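Only one structure is covered here, and it is reproduced in the block below.
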Amino acid sequence: MYGASYAGKFKIRLVDYKDGKEALKFLKENGVKKNPGKSKEYVYLKFKIKCISADEEVPADLILNEYSSFFDSKCKKQSKAELIPVDDGNKELSYNTMISPGETVVCSIALSVKSGSAPITYRISAGYDEDYNEIEKWFATKK
């Protein structure tokens with residue numbers, strides 16, 4: 001993983017995924033008070049992130065970021081996602097959640113996205129090749 005400089009090596013696993021009515025029900029049970037609104041739906045993702053190696057603590061949102069990592073099911077449109085605070089007992093996938101070398105953290109994120117965007121596809125910046133072209137890894141959520 002690369003941010004402004006080398007961040008480290010990580011193992012990332014999607015542990016749970018919910019969208020549509022399933023996500024709405026789960027989020028309502030975990031502290032979300034309002035409905036997503038007209039032409040929107042909620043998406044919930046839970047990740048297990050292991051820091052295999054790094055020079056220092058790394059913020060979780062450097063690995064997955066709600067503003068640049070999530071796309072619609074066709075991988076063509078970046079989801080204009082609104083972050084929804086959720087009290088599900090996991091750490092937030094955010095800049096405030098730090099991952100140390102050797103540590104495994106379970107993070108979750110809830111997003112409000114345009115209806116029809118789910119299932120979500122997400123990408124991770126994995127560094128640069130010898131010509132400084134960005135290398136991206138893409139992952140799809142499975143229903």
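Please read all numbers here as calculations on a predicted model, not as lab measurements.
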Counting only heavy atoms not in Lys137 (residues, nucleotides, ligands), do more than 12 fall under 6.0 Å from its NZ?
no

Can you see which heavy atom on Glu103 is nearest to which on Lys91, and at what distance?
OE2-NZ, 4.5 Å

In this structure, are over 12 heavy atoms from other groups packed under 6.0 Å from Glu134 atom CD?
yes

Is a side-chain N or O of Asp61 found less than 3.5 angstrom from the main chain of Leu64, in a donor-acceptor match?
no

Please check: side-chain N/O of Thr121 versus main-chain N/O of Phe71, any donor-acceptor pairing under 3.5 Å?
no

Taking Met98 as the starting point, is it possible to reach Ile52 by hopping between hydrophobic residues whose side chains are less than 4.5 Å apart?
no

Nearest heavy atoms of Cys107 and Val105, plus distance in Å:
SG-CG1, 3.5 Å

Among the clusters formed by ILVMFWY side chains lying less than 4.5 Å apart, do Tyr95 and Leu93 turn up in the same one?
no

When clusters are formed by joining ILVMFWY residues with side-chain heavy atoms under 4.5 Å apart, either directly or through shared neighbours, do Val106 and Val58 land in the same one?
no

Going by side-chain hydrogen bond (donor to acceptor under 3.5 Å, both in side chains), name the residues that satisfy it together with Asp16, two or more places apart in sequence or in a different chain.
Lys18

Pro101 and Ala54 have their tightest heavy-atom pair at CG-O, 3.4 Å

With hydrophobic residues grouped by side-chain heavy-atom distances under 4.5 Å, do Ile135 and Ile124 end up in a single group?
no

I would like to know whether Leu45 and Phe70 meet side chain to side chain contact (heavy atoms under 4.5 Å, CB included); could you show each step before the answer?
CA-CA 11 Å; Leu45 300 104; Phe70 298 100; 4.1 Å; yes

Walk me through whether Thr104 and Ile49 qualify under side chain to side chain contact (heavy atoms under 4.5 Å, CB included).
CA-CA 6 Å; Thr104 298; Ile49 304 171; over 6 Å; no

Members sharing Val32's hydrophobic cluster (side chains within less than 4.5 Å)
Leu24, Phe26, Leu27, Tyr42, Tyr44, Ile84, Val86

Shortest non-hydrogen contact from Asp19 toward Ala118
OD2-CB, 3.1 Å

Would you confirm whether Asp88, through its side chain, and Asn90, through its main-chain N or O, come within 3.5 Å as a donor-acceptor pair?
yes

Find the distance between CD (Glu29) and CG (Asp87) and round it off to the nearest 0.5 Å.
13.0 Å

Ring center gap for Phe47 and Tyr122 short of 6.0 angstrom
yes

Answer yes or no: is there a donor N or O on one side and an acceptor on the other, between the side chain of Glu41 and the main chain of Gly116, under 3.5 Å?
yes

Tell me yes or no: between the side chains of Ser100 and Glu57, is some donor less than 3.5 Å from an acceptor?
yes

